[in-house]
*Asks:* 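My questions all concern the structure below.
All of these numbers come straight from a predicted model, not from anything done at the bench. Note on naming: letters A, B, ... go to the chains in the order of the sequence lines (proteins, then strands), and numbering restarts at 1 for each one.
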Amino acid sequence: MERQRSLTQSMSWLHTWAGLLLGWALFAIFLTGTLAVFDKEIDWWMQPELSDRGLGQAQAAEVAQRWLEREKPQASGWNIGLPTERAPQLSVSSGEQRRGERTQLDPATGEALPVRETVGGNFFFHFHYTLHLPRMIGIWVVGFAAMAMLVAIISGVIIHKKIFKDFFTFRPAKGQRSWLDGHNASAVLLLPFHLMITYSGLAIFSAIYMPAAVDALYDGDRQAMFRESRPGAEQAQQAGGGARRAGAEQGQPRGRGEGARPQAPAAELLPLAGFIERGEAHYGEGMVAGLSVSNPGRADARVTVRPLLGSRIELTKGEGMVFDGVSGRLLDAPEPSRPSLLTQRVIAGLHFAQFGGYPMRWLYFLCGLVSCVMIASGLVLYTVKKRRQVKADSSEGRAFLRLVESLNVAAVAGLSLACAALLWGNRLLPAELAGREFWELRLFFGVWLLSLAHARLRAPLQAWREQLFVAAALGVALPLLDLLLAPGAADRARLGLDVTALLLGATLAWVAWQLPRIATSRARRTPAVQIAGAER
Amino acid sequence: MSAPALMTSLALAYAGMLGLCLGMDRHWKQLGSARLSPRWQRLCRPLGALLLVLAGYAASFVWPGGMALVAWFGLISLAGLALLLLLPYAPRLVLGLPLAGGLLAGLFALF
């Protein structure tokens with residue numbers, strides 16, 4: 001009995017501190033991760049100059065090839081992003097795929113389209129795993145936060161006294177009781193999701209977090225490990241530079257430049273459109289995402305057909321079919337992954353959620369939102385509990401509580417506000433502004449900093465309400481802004497984003513409106529009376 | 001992607017969670033006790049479990065096996081959360097919702 005109690009106590013301590021100190025970072029990670037579920041759709045929304053021309057991929061590839069042959073004949077490589085369901089635009093870049101500046105092409109005229117520079121939905125994706133810190137530092141910080149999340153989940157299960165009895169219990173307007181109910185229910189009902197998303201997030205960078213095995217078995221040569229786990233990988237890398245994000249994300253060194261080798265003699269590249277059909281024969285109809293060409297116009301040209309992710313759970317980023325660009329011979333097709341690699345890639349795929357189409361995307365989005373609510377309610381719960389104890393406490397305790405309160409406001413309400421402000425900035429900043437994406441970033445971080453200052457200056461309840469109301473207003477009015485400033489751009493995807501922002505804004509407004517009721521019932525010593533009143 | 005199967009799966013997931021919920025004394029008193037005899041309560045839990053299994057089966061018409069499993073977890077979690085919120089805020093809708101969901105699924109199937 002004695003041991004049991006001390007276990008619960010120590011787990012409770014662990015849960016509190018792991019949850020509180022990393023909770024602010026975790027909320028940011030989860031909120032941006034949730035938004036990144038729709039990264040391509042946000043990208044599309046943020047460039048209203050683009051429109052869906054309903055162009056076939058083969059035609060698009062022809063247009064792109066003509067443009068690249070005219071504009072970039074000397075480039076070491078070309079990359080073509082073909083129109084797909086989620087990203088119906090045609091984009092090209094030259095040089096190495098991750099680095100090269102993307103140019104949007106008008107498929108009808110074959111000319112470059114002037115589009116606004118924007119951080120795009122990609123910003124949320126990158127922020128999600130780096131917190132906008134220098135890459136490696138960010139990955140380690142996020143990994144540390146994810147570890148704390150795992151600790152908080154497991155210790156939370158241990159200290160939850162009535163996990164089954166309270167399974168469906170939520171008693172609103174009861175102050176601390178309600179916060180605890182809400183925190184418990186959102187945690188317990190979505191426990192599989194919380195565990196899966198946290199664990200799989202850690203597993204993506206397992207080679208970075210736990211390099212010992214690679215160091216011992218391959219002398220630290222990650223490339224060697226990947227060669228062995230995936231026989232075609234090395235060739236594909238050399239041939240296509242095709243590893244788009246995957247290489248860097250899984251901690252592989254980036255593909256080497258081709259500059260060192262002597263150039264092969266000139267030779268004509270086959271029409272690229274033909275490769276799409278051959279890719280579709282392997283990946284299925286409509287499952288090709290893009291083409292990469294290395295050494296275009298040379299005898300050693302290689303064409304990599306990159307598949308759309310999503311036909312399976314396994315994350316096949318960076319994979320592709322490699323063809324000889326002159327003869328059209330198939331050089332390398334992806335083989336089924338070996339069990340060890342397959343395991344890693346299925347776990348990573350579970351995190352990236354590229355499979356299962358829009359219904360699955362919405363499931364991930366909603367589950368992610370609930371995770372955010374869970375983290376936020378935990379953060380608030382700490383202050384609600386502490387506020388009772390601190391009355392008799394030292395001024396030191398009070399100062400710490402004040403700090404936590406303001407950080408809570410800035411982390412939860414402030415970040416939501418900053419995200420909404422980023423979308424507003426995208427429409428309001430002049431389209432031709434130089435260094436426009438940096439202004440968007442400045443706006444995002446500026447609003448976030450202001451929210452912190454505001455949270456320090458105002459009383460907690462006022463700070464919460466004001467920031468939530470502003471965020472809500474920005475969300476609710478986003479459709480209006482969009483229709484006023486980019487009236488021609490409205491299509492299903494963009495209207496979908498507008499409506500989602502409207503609904504999320506309305507929810508925030510409701511929360512902000514409810515807050516004082518919760519706060520007053522908290523102050524009352526006898527919540528039972530309040531409840532009887534509230535339930536009529 | 002088939003909308004009727006998805007709606008059916010969601011409705012079944014909700015009904016299944018409702019079954020598990022009614023199997024608990026606290027919620028049985030809140031929702032079912034006035035109308036039904038306690039014998040029904042004992043049926044609720046196994047029936048709820050069965051409905052959850054059927055929800056997974058319905059999901060397998062929307063996605064292939066592994067993905068259906070992932071989606072099944074998400075569907076029952078979110079259905080449970082919807083139930084959790086309906087219980088205090090709109091208790092009258094708690095029992096009607098699966099019917100409405102089933103009806104909607106039927107309509108989707110027709111058109």
*Asks:* Please determine if B:Asp25 and A:Lys165 form a salt bridge, counting it only when a charged side-chain N lies under 4.0 Å from a carboxylate O.
*Replies:* no
*Asks:* Between atom CG of B:Leu78 and atom CZ of A:Phe193, what is the distance when rounded to the nearest 0.5 Å?
*Replies:*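 One finds 9.0 Å between CG of B:Leu78 and CZ of A:Phe193.
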*Asks:* Atom CD in B:Gln30, atom OG1 in A:Thr169: separation rounded to 0.5 Å?
*Replies:*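 One finds 9.0 Å between CD of B:Gln30 and OG1 of A:Thr169.
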*Asks:* At a heavy-atom separation under 4.5 Å, does B:Leu87 approach chain A through its side chain, its backbone, both, or neither?
*Replies:*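 For B:Leu87, the contact with chain A is made by the side chain alone.
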*Asks:* What residues of residues 43-51 of chain B make heavy-atom contacts with chain A at a cutoff under 4.5 angstrom?
*Replies:*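 When heavy atoms of chain A are the reference, residues 43-51 of chain B contributes no residue within the under-4.5 Å range.
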*Asks:* Sort by residue number and list every member of residues 10-18 of chain B having a non-hydrogen atom under 4.5 Å from chain A.
*Replies:* B:Met17
*Asks:* In terms of heavy-atom proximity below 4.5 Å to chain A, should B:Met24 be classed as side chain, backbone, both, or neither?
*Replies:*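 When you check distances to chain A, only side chain atoms of B:Met24 fall under 4.5 Å.
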*Asks:* For atom CZ of A:Arg171, is the number of surrounding heavy atoms from other residues, nucleotides or ligands below 6.0 Å larger than 12?
*Replies:* yes
*Asks:* Take a 6.0 Å sphere around OH of A:Tyr199 and say whether it holds more than 12 heavy atoms from other residues, nucleotides or ligands.
*Replies:*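 No, because the 6.0 Å sphere around OH of A:Tyr199 holds 12 heavy atoms or fewer from other groups.
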*Asks:* Quick check on A:Leu191 against chain B: is it the side chain, the backbone, both or neither that has a heavy atom closer than 4.5 Å?
*Replies:*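 It is neither, since no heavy atom gets under 4.5 Å.
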*Asks:* Start with the C-alpha gap between A:Asp181 and B:Leu84, add the side-chain angles, then the distance that decides, and say whether side-chain contact (heavy atoms from CB on, under 4.5 Å) holds.
*Replies:* CA-CA 10 Å; A:Asp181 278 351; B:Leu84 176 96; over 6 Å; no
*Asks:* Before giving the answer on side-chain contact (heavy atoms from CB on, under 4.5 Å), spell out for B:Val70 and A:Tyr364 the whole-Å C-alpha distance, their side-chain angles and the decisive distance to 0.1 Å.
*Replies:* CA-CA 10 Å; B:Val70 178; A:Tyr364 268 79; 3.9 Å; yes
*Asks:* Calculate, to the nearest 0.5 Å, the distance between atoms CE and CG belonging to A:Met360 and B:Leu75 respectively.
*Replies:*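 Going from the CE atom of A:Met360 to the CG atom of B:Leu75 covers 8.5 Å.
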*Asks:* Which class fits the ring pair B:Tyr89 and A:Trp510: parallel under 30°, tilted 30 to 60°, perpendicular over 60°?
*Replies:* perpendicular
*Asks:* Side-chain contact, heavy-atom cut-off 4.5 Å: B:Leu83 with A:Phe168?
*Replies:* yes
*Asks:* Between A:Phe167 and chain B, which part of the residue has a heavy atom less than 4.5 Å away: side chain, backbone, both or neither?
*Replies:*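 Both backbone and side chain.
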*Asks:* Could you look at A:Phe164 and say if it's the side chain, the backbone, both or neither that has a heavy atom under 4.5 Å from chain B?
*Replies:*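 Backbone only.
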*Asks:* For the CG atom of A:Leu195 and the CZ atom of B:Phe73, what is their distance to the nearest 0.5 Å?
*Replies:* 10.5 Å
